[in-house]
Amino acid sequence: MKSKINRDTCIACGNCYAICPEVYDCDNDGIAYCSLDNNTMTKDIDLTLYKSVVDAFECCPTNSVVLENN
Ligand code: SF4
């Protein structure tokens, strides 16, 4: 599974990087991105992080967390 953040719709609520800081981080404005691959959706997420990535997906109020199954 890969992930990225739709930065055009992210409202910087902080949920995703609070829930899964191993995968998500934010810029100085609080807008999130996937820190594994600089939001390029090129790197597979470790299996051990799947649950928290899905939690982040479900807790994004603007549906800005994008997941892609391999
Ligand atoms: S949970 Fe959604 S709106 Fe909140 S910081 Fe993450 S991507 Fe942005």
Side-chain angles (χ1 to χ4, degrees):
M1 183 162 62
K2 298 179 177 73
S3 181
K4 69 176 179 181
I5 301 295
N6 183 345
R7 291 172 51 81
D8 293 331
T9 56
C10 172
I11 58 170
C13 77
N15 283 351
C16 60
Y17 41 87
I19 292 167
C20 190
E22 298 91 343
V23 174
Y24 305 110
D25 200 351
C26 66
D27 63 19
N28 290 339
D29 295 323
I31 303 298
Y33 63 96
C34 178
S35 58
L36 291 181
D37 52 17
N38 201 25
N39 219 46
T40 57
M41 219 173 193
T42 54
K43 188 164 182 195
D44 282 315
I45 296 164
D46 195 278
L47 274 174
T48 60
L49 296 173
Y50 274 27
K51 183 181 182 309
S52 60
V53 165
V54 171
D55 285 348
F57 171 82
E58 291 175 346
C59 291
C60 177
T62 59
N63 297 318
S64 300
V65 176
V66 179
L67 301 182
E68 178 187 279
N69 285 311
N70 294 345

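Every number for a ligand or one of its atoms is a count from 1 in the order of the listing.
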Would you call Asp27 and Arg7 a salt bridge, taking side-chain N to carboxylate O under 4.0 Å as the test?
->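 Here Asp27 pairs with Arg7 in a salt bridge, since their nearest N and O are under 4.0 Å apart.
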Have a look at Val66, Ile11, Thr9 and point out the one with the heavy atom closest to atom 3 (S) of ligand 1.
-> Ile11
Does Lys43 have any side chain to side chain donor-acceptor pair (under 3.5 Å) partners at least two apart in sequence or in another chain, and if so, which?
-> none
Would you say the side-chain atoms of Thr9 and Ser64 include a donor-acceptor pair closer than 3.5 Å?
-> yes
Without hydrogens or angle criteria, can the side chains of Thr40 and Asn38 be said to hold a donor-acceptor pair below 3.5 Å?
-> no
Within the distance-only criterion (no hydrogens, no angle test), does the side chain of Asp25 pair as donor or acceptor with the backbone N or O of Ser35 below 3.5 angstrom?
->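 Not at all, since once roles are kept as given, no pair shorter than 3.5 Å links the two residues.
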Flag, side chain of Tyr24 to backbone of Val65, donor-acceptor distance under 3.5 Å = no
Number of protein N/O/S atoms less than 2.8 Å from atom 6 (Fe) of ligand 1?
-> 1
